[in-house]
S.K.: 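Sharing a structure with you now.
So that the names make sense, note that chain A is the first sequence line, chain B the second, and so on, each numbered from 1. Hydrogens, waters and symmetry mates play no part in the numbers below; they use all other heavy atoms, side chains included.
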2 protein chains.
Amino acid sequence: MTEQSDRPYHHGDLRRAVIETALAMLHEEEGWQFTLREVARRAGVSHAAPYKHFPDKAALLAELALIGFDRLRETLLAALPASAASLRETFLPVARAYVAFGEANPALYRLMFGADAGKPSEVHLSERALSTFAILTDFLARGQEAGLIRERPVPGQAAACWAQLHGLTMLVIDGLLLPEKVGDDAVTAALTTLLEGIEA
Amino acid sequence: MTEQSDRPYHHGDLRRAVIETALAMLHEEEGWQFTLREVARRAGVSHAAPYKHFPDKAALLAELALIGFDRLRETLLAALPASAASLRETFLPVARAYVAFGEANPALYRLMFGADAGKPSEVHLSERALSTFAILTDFLARGQEAGLIRERPVPGQAAACWAQLHGLTMLVIDGLLLPEKVGDDAVTAALTTLLEGIEA
DNA sequence: TGGCGTAAGTTGTCACTGTCTACATAGGAG
DNA sequence: CTCCTATGTAGACAGTGACAACTTACGCCA
């Protein structure tokens with residue numbers, strides 16, 4: 001019955017296993033209330049083993065958040081049209097992809113911007129997060145050069161765009177954009193408002 | 001030394017005391033890691049007493065979040081100019097007050113939109129939260145009537161504004177709007193972008 | 001090849017938590 | 001004046017994060 005003899009003393013890839021288990025639980029339980037011990041149990045190791053790879057729970061959560069930024073970055077890059085079409089045709093898919101990412105990974109997205117994954121500022125100022133932010137900055141800079149986007153200081157404009165996307169995503173995640181209260185496609189409406197604020 | 005005889009058996013106003021203590025700790029510790037038992041200790045009651053007023057910790061946090069919406073509502077109303085000035089002169093003060101509220105109460109603000117205070121949708125769909133959201137909706141509706149704001153379906157436009165303010169506030173709280181990275185007054189820049197998206 | 005240092009796991013323990021149950025008190029309605 | 005019940009207390013329990021002391025076995029170097 002017990003398969004204790006099967007399992008070797010050393011897991012071999014515990015760090016990855018812990019991360020993947022935690023990601024799974026984050027998704028299943030829609031939150032990070034899960035316990036480190038439960039993660040260890042599901043990974044098939046002792047309750048203290050994860051501590052060999054993460055100093056504490058916050059450190060694990062911080063790594064999950066960073067993975068979230070990695071995934072978001074790839075999602076956005078994948079949604080970026082190769083050809084330089086019109087502003088609308090370029091911006092909307094990316095913006096939609098952003099919101100969709102949050103909708104598909106609500107707990108992960110919350111964690112990324114929450115205060116439980118170490119110090120937020122540390123996570124957000126890390127290379128992996130900043131390079132995700134940079135996608136937007138680059139996009140706006142190129143858009144301004146091409147004359148598609150109103151000329152404004154890029155960083156401030158980027159802040160505005162990011163804020164809009166982030167806020168919108170949170171509203172979606174919280175289920176605050178009920179169609180009967182806010183119209184059929186509030187996301188498109190909001191994105192259009194943003195667009196009208198930046199297009200040349 | 002011990003003042004056990006001073007304190008009457010019944011506190012008299014424990015519910016309020018618990019809330020106020022929790023609010024204080026929320027502010028002091030910049031988060032809601034505090035324990036219910038510590039709250040009870042500081043309130044000078046036994047560790048189980050708070051359970052007579054809140055079924056669990058999440059319920060207490062939910063009440064704190066609702067108080068946050070109350071305070072935000074009053075802050076916004078106080079910032080709303082009485083006279084109907086220009087759009088900019090009306091909108092900017094309110095928007096700034098919103099962001100400033102988040103900056104001044106980072107933990108409370110996070111809690112209001114976090115997932116730890118009961119189910120977020122329940123908190124946000126409560127009367128006390130909705131009436132706060134309504135300030136913005138009303139403002140936009142009146143602005144459109146007066147011809148100051150571009151005519152768009154109000155709910156979608158409101159979603160866009162709220163998203164912008166919320167996202168901006170989060171960026172500020174997280175310290176992501178470093179002047180050297182994003183310009184001197186990124187908040188104003190972002191709000192201006194928003195304004196350019198809604199003004200007639 | 002063989003021995004060994006050390007990274008990676010294990011068990012055991014600690015203080016402490018949220019929550020439950022049983023009991024104590026006292027304030028107010030009848 | 002009495003008793004009901006809301007409010008508070010004490011005690012118990014399972015389970016947690018974190019640490020310490022002990023084991024195992026991988027992989028490097030003589």
S.K.: Just compare C:dT19, D:dG8, D:dA18 and give me whichever is closest to any side-chain atom of B:Lys52.
M.R.: D:dG8
S.K.: Can you figure out which of D:dA10, C:dT19, C:dT11 approaches the side chain of B:Ala48 most closely?
M.R.: D:dA10
S.K.: 5'-most contact on DNA chain D: A:Gln33 or B:Ser46, nearest heavy atom basis?
M.R.: B:Ser46
S.K.: Quick one: are B:Gln164 and B:Leu195 in side-chain contact, heavy atoms under 4.5 Å?
M.R.: no
S.K.: Enter the distance from B:Thr193:OG1 to A:Ile198:CD1 here, rounded to the nearest 0.5 Å.
M.R.: 8.0 Å
S.K.: For B:Arg88 and B:Thr192, which I'm curious about, is there any donor-acceptor pair between the side chains at under 3.5 Å?
M.R.: no
S.K.: What about the rings of B:His166 and B:Tyr98, do their centers lie closer together than 6.0 Å?
M.R.: no
S.K.: Choose from C:dG18, D:dA10, C:dT17 the nucleotide whose nearest atom is closest to any side-chain atom of B:Tyr51.
M.R.: C:dG18
S.K.: Side chain of A:Leu36: nearest nucleotide among C:dT17, D:dT7, D:dG17?
M.R.: D:dG17
S.K.: So, does B:Arg37 get its side chain near the phosphate of D:dA10, meaning an N or O under 4.0 Å from OP1 or OP2?
M.R.: no
S.K.: Quiz question: going by heavy-atom distance under 3.5 Å, is there a donor-acceptor pair between the base of D:dG8 and the side chain of B:His47?
M.R.: no
S.K.: Which nucleotide in the set D:dA18, C:dT19, C:dG9 lies at the smallest distance from any side-chain heavy atom of A:Ala49?
M.R.: C:dG9
